[in-house]
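To keep things clear, I will list the structure first and then write my remarks on it.
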There are 4 protein chains.
Amino acid sequence: MKNKKELRAEETRKKILSAAGDLFSEKGYNAVSIREIAKEAGCSHTAIYLYFHDKETLLYELSMPHLMQLRKRLELTLKKEDLTPEIKLKEIGMNFILFGLELGNMYDIFLKANASRVDEAAPVEEINELRISLFRLLREAIGEYLSIESSDQLLAYARIYFYTLHGIITTYTPLGEPLEELRNRLGQTFEEAIDILLLGFKEKRGTGK
Amino acid sequence: MKNKKELRAEETRKKILSAAGDLFSEKGYNAVSIREIAKEAGCSHTAIYLYFHDKETLLYELSMPHLMQLRKRLELTLKKEDLTPEIKLKEIGMNFILFGLELGNMYDIFLKANASRVDEAAPVEEINELRISLFRLLREAIGEYLSIESSDQLLAYARIYFYTLHGIITTYTPLGEPLEELRNRLGQTFEEAIDILLLGFKEKRGTGK
Amino acid sequence: MKNKKELRAEETRKKILSAAGDLFSEKGYNAVSIREIAKEAGCSHTAIYLYFHDKETLLYELSMPHLMQLRKRLELTLKKEDLTPEIKLKEIGMNFILFGLELGNMYDIFLKANASRVDEAAPVEEINELRISLFRLLREAIGEYLSIESSDQLLAYARIYFYTLHGIITTYTPLGEPLEELRNRLGQTFEEAIDILLLGFKEKRGTGK
Amino acid sequence: MKNKKELRAEETRKKILSAAGDLFSEKGYNAVSIREIAKEAGCSHTAIYLYFHDKETLLYELSMPHLMQLRKRLELTLKKEDLTPEIKLKEIGMNFILFGLELGNMYDIFLKANASRVDEAAPVEEINELRISLFRLLREAIGEYLSIESSDQLLAYARIYFYTLHGIITTYTPLGEPLEELRNRLGQTFEEAIDILLLGFKEKRGTGK
DNA sequence: TATGAATGAGTATTCATTCAT
DNA sequence: AATGAATGAATACTCATTCAT
């Protein structure tokens, strides 16, 4: 059980994360200043350094829960017994797209947090792991769909699937169109993209490589 | 025939462009400072303003030729009479991917230079036009491939094709892997991605929407 | 009661204002750099931005109190019942001269802050109002002195009175002679200038327009 | 007799002076760059340094002829035998006002070029002399008008006359209103100002100090 | 726990001036 | 006589971060 102080601290922490999340996703990491976040969070800018080692750490701590949640969602989808492999694969794709569009300008840390920052402790590592497990999920789902075992071919397919999903997200993410609007305008196209890809996968398998 | 002075000027100009190109594509436009470019180019930072009005102008002058060349290449490909529509469409895709990977971190001006900057005259406009004509090319090439006329459906297909190409570029562009290496490692996967997409398009058409 | 921090902040603020005031009035607004002010104030140049949004804001915050005080002083003078109109008018003139000479090279914002800068919100507006109310005061005081109602003629007289006052200020302001010295050397001449002007006004009225 | 080269050089020199004159008077000395002058003059910016040691020298060389001309004009006026002292004094005043308004933003070098630049050779000295001789003219004209010999009193009157003239010029000079417009709008007021001042002088003399 | 004060390094850009030709 | 190339010093302003309290 937590005492008052701890509760308040936690609350401040949350406010900072929330403010940072909104701002980062709206304007991008670089375009947001610490002071801006503090103002939005209703605390002093120095308070931020109480909870997060630096701006970058804040970013990582911020994106982590989202990524975790995404992974969980995708894992659940994959495990659902009552869905066909095709539907599962499609659902995974759409979920990923929506997740990416929600993250907005913050989405690209998903890629940028890479090995280059060797020294910098945990979070980057964690994100890497997440990315890896995400790929694994994609591979599994595709493998199930095409009834093939893990192989280079399957890896290639997973990559290709990722390219399209990633392409959709990064096409619209820097433009700042509200998610709902975008969904109405192009949701069907996104689904069609996935559809076509899956058809292509199947066809490719059928014809033999 | 040019005199010494002109030669030297041209050389400096080139050095600046080359330095800027390298740095922009490696670290991205915003992460590079004028002074950094100058140091890399072996001149004073003020010299840069002798040749380019602005940091932004430098960016445009740098990317414009690439974009023009790309358009020309794609247009030529589309016009080639001796190629099947399928091969043309594939070639267009691969060319676009390679062009994007070459631009590196500078690639995203392709997207970011959009209507929001109404005031900023010519170059942005030119890039917009380029983007538009690129889409038109994509649409035409797909239309030819699937033997369908311009329609909403065709627009959707062009978008989908673009998503995948764009996704490939933006997946690898921020990682800075040398183009040649990347090509060896994944060139085949890129081709396969296009392949699968085209198969998907065909299949989708066949089954009726 | 203020705590240490607040006291220190206030002190820094004052030091900046004082340094800026000295430098501006000595060398003029444009000839003084933020870093110069900081050095004189004994703080870093960034500290200045903690207290003032802008170099321009600093200027306004610096001159505004003077201007307000001047207006109040002139208004009080005009209202004094125990003074003859002549003495009031003279006092107003001398006060204005002294105020202008005190401002030194900063005096000219009084003129330069004009309508051209439409966008720049409050302070300019305030200065404009001040200038206007000053003219009104001048008009009133002269009207009282000459027993004439508001008219074009009165406006012309107010202008003429202003020219002389303004001329005195701008003659000595860029030379940087210390106020006290100047006053000793020429105070009598300034009074005589006003004297002569008032005699001239009277005479002009007497002879018929 | 001059050869071609010399003629051309002289022409370039004139063009530079003319361009600088226009620009300085329009925007003020500080707001005009050497390159701007060169462009306006149709020569390279380096050419300017062939004719003038530096920007400041250019300014002095530029204003000198104007000042000389003014002196000459005022001297001529003072010498005219067919004019009453009053009319001469008025004419001198109006001429000075018009000269100042014509100089525009360049007028204030008339004051600013003062002893502070001890080291800097001739031109400043010359301007000082000019200013002095101008004052002498004013004194003489007033002396004639009031039939008094040189004295402290006369000096004071000359100063006072100067204040008003100077005040008129510096009131309108930074606003950039075209001379002709200004003259139409306020020419009469300027004359009235002089009128009143002269009446005041007379009156003051009459009443005994 | 929390904050206001403070700062050094950095940003793009401008300018008067000099140098080599 | 004339010029384009080149530069060092300066400009206002921003930012992530640290320190004292």
Side-chain angles (χ1 to χ4, degrees), chain A residues 4-6 8-13 30-38 43-56 58, chain B residues 3-13 30-38 42-58, chain C residues 3-13 30-38 42-58, chain D residues 4-6 8-13 30-38 43-56 58:
Chain A
K4 259 192 219 166
K5 250 189 211 169
E6 279 167 334
R8 230 186 94 182
E10 207 161 311
E11 205 179 326
T12 307
R13 198 175 197 281
N30 279 314
V32 175
S33 78
I34 287 278
R35 291 183 128 88
E36 214 174 341
I37 297 170
C43 68
S44 80
H45 60 280
T46 45
I48 293 180
Y49 289 94
L50 252 43
Y51 296 97
F52 308 93
H53 179 259
D54 62 9
K55 199 184 166 192
E56 210 166 1
L58 172 53
Chain B
N3 62 23
K4 256 194 221 167
K5 226 188 246 177
E6 276 167 337
L7 281 174
R8 206 176 126 187
E10 212 163 304
E11 208 179 323
T12 306
R13 197 175 198 280
N30 279 315
V32 175
S33 80
I34 286 281
R35 289 180 134 89
E36 210 175 345
I37 297 170
C43 68
S44 79
H45 63 279
T46 48
I48 293 179
Y49 290 95
L50 247 43
Y51 297 95
F52 308 93
H53 178 261
D54 240 358
K55 195 184 167 193
E56 210 169 2
T57 304
L58 174 53
Chain C
N3 62 24
K4 257 193 219 169
K5 227 187 246 177
E6 276 167 337
L7 281 174
R8 207 176 125 186
E10 211 162 305
E11 208 179 324
T12 307
R13 197 175 198 280
N30 280 315
V32 175
S33 80
I34 285 280
R35 287 179 136 91
E36 210 176 343
I37 297 170
C43 67
S44 79
H45 63 278
T46 48
I48 293 179
Y49 291 96
L50 246 45
Y51 296 95
F52 307 94
H53 178 260
D54 240 357
K55 194 185 168 193
E56 211 170 1
T57 304
L58 174 53
Chain D
K4 259 192 219 166
K5 250 190 211 167
E6 279 167 334
R8 230 188 93 185
E10 208 162 311
E11 207 180 326
T12 307
R13 199 175 196 281
N30 279 316
V32 175
S33 78
I34 286 279
R35 292 182 127 88
E36 214 173 341
I37 297 170
C43 67
S44 80
H45 60 279
T46 46
I48 293 180
Y49 290 93
L50 252 43
Y51 297 98
F52 307 94
H53 178 259
D54 62 7
K55 199 184 166 191
E56 211 166 2
L58 172 53

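Values below: every heavy atom of this structure, side chains too, minus hydrogens, waters and symmetry copies. Letters A, B, ... mirror the listed sequences (proteins, then strands); counts begin at 1. Owing to the predicted nature of the structure, the values given are computational and were not obtained by experimental measurement.
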Rounded distance in Å - [atom1] ([X]) to [atom2] ([N]):
| X | N | atom1 | atom2 | result |
| --- | --- | --- | --- | --- |
| C:Ile37 | E:dT7 | CD1 | P | 15 Å |
| A:Asp54 | F:dA16 | CG | P | 11 Å |
| C:Ile34 | F:dT14 | CD1 | P | 10 Å |
| D:Asn30 | E:dA16 | CG | P | 9 Å |
| C:Phe52 | F:dT14 | CZ | P | 15 Å |
| C:Leu7 | F:dT21 | CG | C1' | 13 Å |
| B:Lys4 | F:dG4 | NZ | P | 18 Å |

Under 4.0 Å, heavy atoms only, any strand: does [X] hit a base, just the sugar-phosphate, or nothing?
| X | result |
| --- | --- |
| B:Lys55 | sugar-phosphate |
| D:Ser33 | sugar-phosphate |
| B:Tyr51 | sugar-phosphate |
| D:Leu50 | base |
| C:Ala47 | base |

Looking at every non-hydrogen atom in both residues, tell me the closest pair between A:Ile48 and A:Ile34 and how far apart they are.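 Of all heavy-atom pairs spanning A:Ile48 and A:Ile34, the closest is CD1-O, 3.6 Å.
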As an exercise, state the distance from CZ of B:Arg13 to SG of B:Cys43, rounded to the nearest 0.5 Å. 12.5 Å
How long is the span from the OG1 atom in C:Thr12 to the CD atom in C:Glu10, to the nearest 0.5 Å?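 Taking OG1 in C:Thr12 and CD in C:Glu10, the distance rounds to 10.0 Å.
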Would the distance check show the side chain of B:Glu36 and the main-chain N or O of B:Ser33 forming a donor-acceptor pair, the cut-off being under 3.5 Å? yes
Quick check on DNA chain F: between C:Ala31 and B:Thr12, whose nearest nucleotide comes earlier from the 5' end? B:Thr12
A:Thr46 or C:Gly42: which one's nearest nucleotide on DNA chain E is closer to the 5' end?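 Final value for this comparison: A:Thr46.
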Let me know, please, whether C:Ile48 or D:Glu36 comes out on the 5' side of the other along DNA chain E by nearest nucleotide.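 By nearest-heavy-atom nucleotide position, the 5'-most residue is C:Ile48.
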Listed nucleotide nearest any side-chain atom of [X], set [options]:
| X | options | value |
| --- | --- | --- |
| C:Tyr49 | E:dA16, F:dA1, F:dC13 | F:dC13 |
| D:Arg35 | F:dA1, E:dT3, E:dA16 | E:dA16 |
| A:Cys43 | E:dT3, F:dG8, E:dT13 | E:dT3 |

Report the end-to-end axis angle of the helix from E:dA2-F:dT21 to E:dT21-F:dA2; each axis comes from five terminal pairs, and the value is rounded to 10°. 30°
Does the side chain of B:Asn30 reach to within under 4.5 Å of the side chain of A:Asn30, using non-hydrogen atoms?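 Heavy-atom side-chain distance check fails, nothing below 4.5 Å.
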Would one find a side-chain N or O of B:Arg8 under 4.0 angstrom from OP1 or OP2 of E:dA20? no
Are any of D:Arg13's side-chain N or O atoms less than 4.0 Å away from OP1 or OP2 of F:dA1?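 Answer is no, no contact under 4.0 Å.
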Going by side-chain contact (heavy atoms from CB on, under 4.5 Å), A:Leu58 matches just one of A:Phe52, A:Tyr49, A:Tyr51. Which one?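 The passing option is A:Phe52.
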Base E:dA2 to side chain A:His45, donor-acceptor N/O within 3.5 Å cut-off: no
